[in-house]
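To start, the structure under review is shown below, and the notes come after it.
Naming: A, B, ... by sequence-line order, numbering from 1 per chain. Computed from a predicted structure; not experimentally measured.
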Amino acid sequence: MRSPSLLIGVGLQGVLLRMITLGCLVTSAMALPSRKGDLDEDGRYTVRDVARLVNHLQQIEFLHPIIQPFADVTGDGLLDEADVEKLVDLVLDKTTITDIPPARPLESSPAHGENQVALTREAVVRFSLPLAPAVTLTPDDFALWFAGKRILSRVEISSDRLKATVFPLEQLPASARVRAHLKGVNLRDTLNRLLDLDRDGIAGGDLVFDFDTVSVTPVPRTGMVGRVLAAKQNAAGADVPLAGVIIQVVGAEETIRTTTAADGSFTLTPVPAGQFFVEVDGRPVTGQFPNGGYYAFVNKVWVAVAGRPDNPAAGSGVIYLPYIVPGSLQPMSATQATMVPFPNAVLTEFPQLAGTELEVPANSLFGNDGTRGGRVGIAPVPANRLPEPLPMGLNLPLVITIQTDGATNFDRPVPVRFPNVPDPVTGLRLAAGQRSALWSFNHDTGVWEIAGPMTVTADGNFVVTDPGVGVRQPGWHGTSPGTSGGGGDPNPGGGDGDGDGDGDGDGDGDGDGDGDGDGDGDGDGDGCTKTCIDSGTLAGGSVSVDRPQACKDDNLTFTASGSTDSGGRQRIVCKDAEGTTIRDEEVTIPPGNVTYEFTVSGPTGVIKTGKGSSVTIKADQIGSYSATFTASSKRDCPPGGITLPPGSATVVDRGSFTQYGGAIDLPNFAPVVSRLQTLLNYIPGCTIRLESTTVGLTQGARDCCKSGAGKIANGERFSEGGVSISGKGSFPVWPIPPTSIFRDLDWGFSRALVEIKAGVFVDAEIAFLGNGGYRTDECVLESCGYAEIGADFRIIPNVTVKVVACAQIFGSYVDIADIEVTPASIIIPLSGRINYNSKEDCSGLNCSLGLGDVTFRAGFKVGGVGLEYQAVIITSKTLTCQ
Amino acid sequence: MIAREKIAFLQRPVRARAVGARALLILLALVPSALGGPVRLTVPFTVDRTITASGMAIELEADELGGRPVSQLKEASPHPSAAVLQALVGHLAANQPEAAAAMLRQGAFQSPEDGLSYARNFAKAFQEGWSSLVVRRRYNPGQESWFSWEVPQGARTVSRIFRFAEQDGKWLWADELQPSPLRSVQTLVSAAEQLVVENQPGARAVESMTFKHAVAVPGMQARWLFNGFSASWDAFGNGPVPDHPVTKAYATAAKALYSGDFEAFAGAYLPFSAQRMRDSLAQMDDSQKASFAESNRQLGRKVTFVLEASPVFLVFYETDGRGMQYDTLFAAGGDVSKLRFANFFVESFIDEIMKDRGFFQDPVIRPLAGRLEDPPKTATLPLPPAPQVTSGGGSQSSSATSPQKEPDAGPERMMAIRSSKSWIPWLLLGLLLAVLLLRYFRPKS
């Protein structure tokens with residue numbers, strides 16, 4: 001890939017001179033070009049077209065995102081000096097270009113193959129050209145699929161028509177491969193051509209991309225711990241714990257949740273291993289949402305190491321929630337832009353924040369269900385007391401949280417204005433006209449990203465977003481002048497993906513490629529030059545493994561720790577606008593946070609690589625496993641990385657259970673049978689009594705592997721017996737048996753109110769088979785009784801129905817005798833199982849009993865035309881032991 | 001703003017309105033194509049066997065056709081389905097059910113014989129009225145094209161809807177009787193139009209209503225419009241009852257159920273349902289009643305959303321393990337002090353929608369339910385007068401949408417339910433008002 005930044009920085013000067021010589025004019029009117037390069041849509045290639053492109057590249061006047069694809073005259077996907085050169089040749093009639101190709105998808109979100117996707121994530125496709133105004137999308141055209149079933153959703157085209165989004169109206173299935181399918185048959189671009197969705201260069205085709213959702217399956221003995229504190233300390237400077245904050249795992253809100261105690265502490269267990277999404281809801285603390293003051297509601301991505309019950313939440317174990325003062329939320333106008341400043345109470349305390357505001361475009365706030373409008377407010381948050389720490393190297397002088405009363409989307413970028421506060425490191429403010437960047441926290445991916453360029457106002461008091469740039473969703477946002485790195489902004493600006501239009505990929509727009517916007521090339525944006533004196537060193541560290549000798553199919557966890565960064569020294573020289581040195585000193589660079597990258601190898605080679613201080617793998621092969629960690633530290637003058645001595649483990653085969661002698665020891669099955677009985681009696685009116693009989697006895701043993709002690713022969717033993725459970729039930733399915741049902745029936749040609757008598761009665765014998773025993777494991781030093789009962793059967797009740805009265809509403813006359821009634825059979829499906837511990841482990845009580853939908857159906861036929869009446873008597877539900 | 005102007009217009013003297021209506025019709029007739037835009041209809045609810053207008057609405061895209069004879073339809077509506085409707089009505093009027101059935105979409109009925117029976121019954125049911133059929137609107141619910149039409153039947157006017165859909169590039173008759181969300185909404189819209197035809201006394205004009213929630217109807221180009229508040233309150237618990245007449249009435253009845261006082265629970269219903277509940281309870285012995293009360297206690301009753309469609313109120317609640325359900329309450333005469341439960345085993349088309357988890361409860365109610373916001377701190381509700389519910393327990397009584405019409409219930413009524421964002425009708429209306437003002441208020445020389 002070539003380096004557009006150099007082309008912009010040097011080559012454009014010559015082009016600009018040529019333009020000035022030609023006396024080019026700057027136009028500002030936006031129109032849709034009829035062909036590539038004709039940026040002012042006058043049907044010709046003129047210097048005006050060149051001027052518009054140059055102005056865009058120089059960030060003097062941006063081309064509207066709709067126009068930008070027409071400016072890529074070279075067709076290479078980049079907007080750069082090469083496009084200017086070719087456009088000049090077109091003006092001079094030295095060359096020709098092929099017509100602009102049909103619109104195609106630029107990117108999808110989630111990307112094809114992306115994993116760990118949140119269960120609430122919408123799917124987005126961005127196009128290279130706007131969709132035609134007449135194009136509408138329905139859930140038939142753009143849908144999410146799982147296991148052959150379409151997920152209930154709604155589709156929205158963005159107001160600039162460059163983006164189509166499908167919002168799931170139900171949570172995506174967990175641990176699932178979801179397919180997004182966009183049909184191209186009805187999709188036309190702004191030039192009324194079919195889209196090239198499959199990107200084969202020919203108009204037509206469909207776009208299909210798959211992604212994997214995050215797991216929400218809890219792992220035993222795995223948990224998160226932490227404390228939730230108010231972002232603001234009390235008058236004495238002490239932390240304020242928040243009690244009553246609800247913390248729940250997205251996708252398992254009903255089962256994996258907790259509430260903070262009086263000291264703000266919480267334990268959330270069991271949780272999924274690896275990455276998962278959580279909601280931290282501070283609103284119940286005051287109970288005054290949305291009209292009064294309340295603590296914020298935030299979504300976060302947490303990571304848990306399997307088998308560790310005290311994983312620190314958010315990395316540090318401390319979560320800060322900002323307080324949203326009363327009156328912060330303001331209603332959004334549907335007809336004009338709404339300015340959202342800090343409320344007076346905030347400005348009284350922090351007058352330096354005056355002037356900070358959002359400009360929410362008219363009717364731009366909407367919920368996933370399509371509802372437009374709502375209320376929006378902003379609140380300041382100390383950058384060092386965010387719900388989670390900022391990533392290394394990102395020093396935001398001010399962070400704001402944008403809160404709403406429910407809606408979570410803006411359909412256009414929302415311009416924002418921050419006060420031009422001093423850099424937290426240098427203490428200097430940006431100069432008027434200097435460049436900065438808008439940073440936003442992406443809740444879908446859990447990372448901070450650049451959302452686009454910002455510029456300091458002429459009076460030097462504020463930093464404002466550039467035209468077309470803004471906040472794209474409520475949440476956490478800040479501005480930083482001195483941070484390198486590209487962004488995740490999807491605007492197709494300079495073709496580099498960062499949306500700033502300069503093409504250098506760093507997101508700052510100054511073209512020097514360092515990402516800071518000050519043009520000095522050092523990457524920090526403060527107008528200062530930094531020179532390394534001493535990079536310092538990394539030292540120490542080791543890798544541990546939880547089981548040096550493990551059995552096949554055990555989990556192995558390797559953990560790196562102990563590496564330290566000595567810190568370093570650098571020289572900082574700062575000059576003012578006239579070039580006078582205003583600062584020249586040597587400073588100490590504090591140690592940075594040490595991060596690790598790992599490579600895990602098994603008997604067949606490398607099996608996993610990644611970032612993090614801990615990694616867990618399933619040892620599914622016999623042989624040797626090892627993990628190598630490299631440590632690094634990201635800071636100014638970063639030290640060189642070091643490789644830690646590897647950790648290793650040996651995996652042996654424990655074999656299968658074999659016959660074992662000894663005394664038979666069976667558990668008491670009564671509690672498990674009682675649990676099953678309770679679950680069955682969830683069926684309204686059901687009073688089944690179960691009885692159990694023990695049958696058959698076996699016992700066995702196998703080897704196990706104890707951490708630090710190696711393999712223990714016959715260390716894992718069980719005694720087991722079967723149990724036969726039976727019962728008899730007799731009950732009406734309706735909670736109160738109706739004397740009759742009145743039902744309005746509409747055959748189209750006739751409508752009548754009929755009264756029917758219906759009965760659904762169960763009189764059935766039910767039988768189960770289960771087993772259970774006693775387990776002893778000398779390797780993990782545990783012993784417990786266990787029992788398991790499977791339930792998979794159908795109850796078929798007796799169903800009766802007859803019409804006893806009929807009243808005509810209109811249409812053909814219908815009498816009782818004219819109505820032919822047919823009752824349909826009803827099945828009450830039950831399936832699931834109940835476990836109390838198991839032969840494999842002592843994990844406690846786990847049960848799940850699925851009760852399917854029970855629907856009463858009857859057919860009513862008049863004049864040969866049948867109409868079905870149906871009523872759901874029992875809605876499906878999975879009953880668990882939680 | 002527009003709605004207020006419209007109401008003001010409707011409050012002008014009857015004579016002026018009549019003149020205005022005729023002039024408006026003439027102006028509408030001069031418009032070469034149908035006027036399109038969103039139309040709002042009040043959602044009809046069944047309250048014990050009586051269909052009543054509510055404070056909930058459905059908004060659909062529609063072309064206003066102004067009650068044209070079907071013979072003029074093709075000129076009024078350029079949509080290709082208009083010609084299909086014209087041909088279909090021609091076949092039905094000529095008692096040619098075979099030809100009409102041949103226009104049915106493939107798969108609409110289980111067998112060709114069923115489709116033929118359907119067409120034959122239609123031809124017969126309105127045989128006296130086909131020649132007088134007029135078409136009111138063409139709805140655009142999404143993939144299909146729906147025409148609402150009216151025919152006289154005896155002393156009444158009956159409003160119905162025919163559905164059309166495109167299959168293999170050809171528009172076909174798409175009516176069906178298999179249960180489906182589209183079929184339910186078709187019945188709902190048809191009943192809503194019937195309410196308009198019959199002009200139920202006391203029913204509020206949809207333009208006079210304001211809505212807090214507007215939620216897309218899944219799979220359709222339409223929106224539900226309604227009011228309501230979320231709650232997080234266990235009606236069987238000991239926590240404070242939200243300060244709202246509906247929740248207080250609900251709490252009183254729920255406590256009676258919780259405590260097993262079934263007579264008090266039955267007394268919380270409207271008379272017709274109350275008697276039916278007493279009859280049902282009479283079939284149960286004391287142990288069965290006790291078991292029922294106990295199972296209710298175990299299941300709990302967590303109220304998560306109250307849909308305010310005054311005079312009808314739906315209280316959505318969840319129990320442990322049985323998903324979302326709702327109870328219907330009715331404020332007779334709009335007086336919330338008379339709030340009573342209704343519909344003990346009385347169901348209608350609206351219940352097909354409200355009970356549909358995938359079509360209504362999950363996408364519409366659940367996102368609003370159970371948030372941490374309190375109901376409004378008002379002791380009374382500004383309810384408009386509402387129709388009285390027919391009480392009494394006769395099982396033979398007919399459904400009673402009132403046949404009574406207001407005088408001069410002509411085109412104004414049509415405009416009264418229209419809430420179009422199209423500027424053309426309002427331009428015409430403005431011109432008309434200007435003409436009327438000049439005519440009635442011109443100073444005498």
query = Would you call A/Asp744 and B/Glu352 a side-chain contact if the rule is heavy atoms closer than 4.5 Å?
reply = no

Under-4.0 Å salt bridge between A/Asp746 and B/Arg160: yes

Note: vs chain A, highest number of non-hydrogen pairs under 4.5 angstrom among B/Gln178, B/Lys355, B/Gln143, B/Arg120 is B/Gln143

Distance col, row B/Phe344:CZ vs A/Ser740:OG, nearest 0.5 angstrom, shows 9.0 Å

Okay, B/Met277 and chain A: the region with an atom under 4.5 Å from a heavy atom over there is side chain

In terms of heavy-atom pairs under 4.5 Å with chain A, the winner among B/Pro179, B/Pro363, B/Ala216 is B/Pro179

One should read off an interatomic distance between A/Leu753 CG and B/Glu347 CD, to the nearest 0.5 angstrom, of 11.5 Å

Rounded to the nearest 0.5 angstrom, the CZ-CG distance for A/Phe742 and B/Asp48 is 9.5 Å

>> For A/Lys802, is the NZ atom crowded, meaning more than 12 foreign heavy atoms sit under 6.0 Å from it?
In response: no

Ranked by heavy-atom pairs below 4.5 Å to chain B, first place among A/Thr136, A/Thr138, A/Thr739 goes to A/Thr739

Among B/Leu177, B/Val151, B/Asp175, B/Leu116, the residue with the most heavy-atom pairs under 4.5 Å to chain A is B/Leu177

If one checks every heavy atom of A/Thr371 against chain B at 4.5 Å, the contacting part turns out to be both

Between the CZ atom in B/Arg276 and the CD atom in A/Glu755, the distance rounded to the nearest 0.5 Å is 6.0 Å

Okay, A/Ile741 and chain B: the region with an atom under 4.5 Å from a heavy atom over there is both

